[in-house]
Amino acid sequence: MFKKPITISVHATDELGRARFAREVRAMLPEVRVVRRDEEGDVGFVLMGADDPAAAATMRRLTRTGASVVLVADELGESELMAVAEYGVRSVLWRPAITRRQLSRAVHSAAGCCPKLPMLTALM
């Protein structure tokens, strides 16, 4: 029996960063399909740099529509982290130190394949 692969969409203000992250995901998780810019996936990844209001707006827009969102941040202060938790982001990954295991867990958790964890547990 064939299973439908998990699809992810990558949202970023920097097109080069978006393409680089999509390539990293394809290399780390070949079972996951990265969709084109104009398509929405099962899971939305938002890449956020330091002081990035456009990425914050994208994150808010996606979470308001009920999408499962994973935030990939370069930097995130305590107040920003609280705001992210309030928006309902499923996982937060620190961009410079993403491992295959963390990425896989974030994708599968956001897609509903794993039990939901509290945000505090998801950050560790």
inquiry  = I'd like to check I8 versus V25 (side-chain heavy atoms, cut-off strictly below 4.5 Å). Are they in contact?
reply    = yes
message = For M28, is there any backbone N or O sitting under 3.5 Å from a side-chain donor or acceptor partner on R100?
response = yes
query = Is there side-chain contact between F21 and D14, with at least one heavy-atom pair below 4.5 Å?
reply = no
query = Do H11 and E40 come within less than 4.5 Å of each other through their side chains, counting heavy atoms only?
reply = yes
request  = Mark yes or no for whether T7, through its side chain, and D42, through its backbone, hold a donor-acceptor pair below 3.5 Å.
outcome  = yes
L93, L81, L76 screened by side chain to side chain contact (heavy atoms under 4.5 Å, CB included) with L71, the one that passes = L76
ask   = If every non-hydrogen atom of R60 is compared with every non-hydrogen atom of T63, which pair is closest and at what distance?
value = O-OG1, 3.0 Å
query = Is E15 close to R37 at the side-chain level, that is, under 4.5 Å between some pair of heavy atoms?
reply = yes
Single-linkage hydrophobic cluster V92~Y87, side-chain heavy atoms < 4.5 angstrom = yes
message = Between W94 and V72 (side chain of the first, backbone of the second, donor and acceptor by atom type, cut-off under 3.5 Å), is there such a pair?
response = no
ask   = Are any side-chain N or O atoms of R90 and backbone N or O atoms of A106, one a donor and one an acceptor, separated by less than 3.5 Å?
value = no
query = Are L62 and V35 in one and the same hydrophobic cluster, where Ile, Leu, Val, Met, Phe, Trp and Tyr link if side-chain heavy atoms are under 4.5 Å apart?
reply = no
message = Please find the pair of heavy atoms, one from A111 and one from V43, that lie closest to each other, and give the distance.
response = N-CG2, 3.7 Å
ask   = Which pair of heavy atoms, one from E39 and one from S9, lies closest together, and at what distance?
value = O-CB, 3.7 Å
ask   = Can you tell me how far CD1 of I6 sits from NE2 of H108, rounded to the nearest 0.5 angstrom?
value = 4.0 Å
message = Any heavy-atom pair between the side chains of F45 and V107 that's under 4.5 Å?
response = yes
inquiry  = Does E31 have more than 12 heavy atoms from other residues, nucleotides or ligands lying within 6.0 Å of its CD?
reply    = yes
inquiry  = Nearest 0.5 angstrom please: R64 CZ to M59 CE, how far?
reply    = 10.0 Å
ask   = Can you name the closest pair of heavy atoms from A55 and V46 and give their distance?
value = O-CG1, 3.6 Å
ask   = Which heavy-atom pair separates L47 from G17 by the least distance, and what is that distance?
value = CD1-O, 3.7 Å
Rounded distance (nearest 0.5 Å) linking atom CE of M48 with atom OG1 of T13 = 9.0 Å
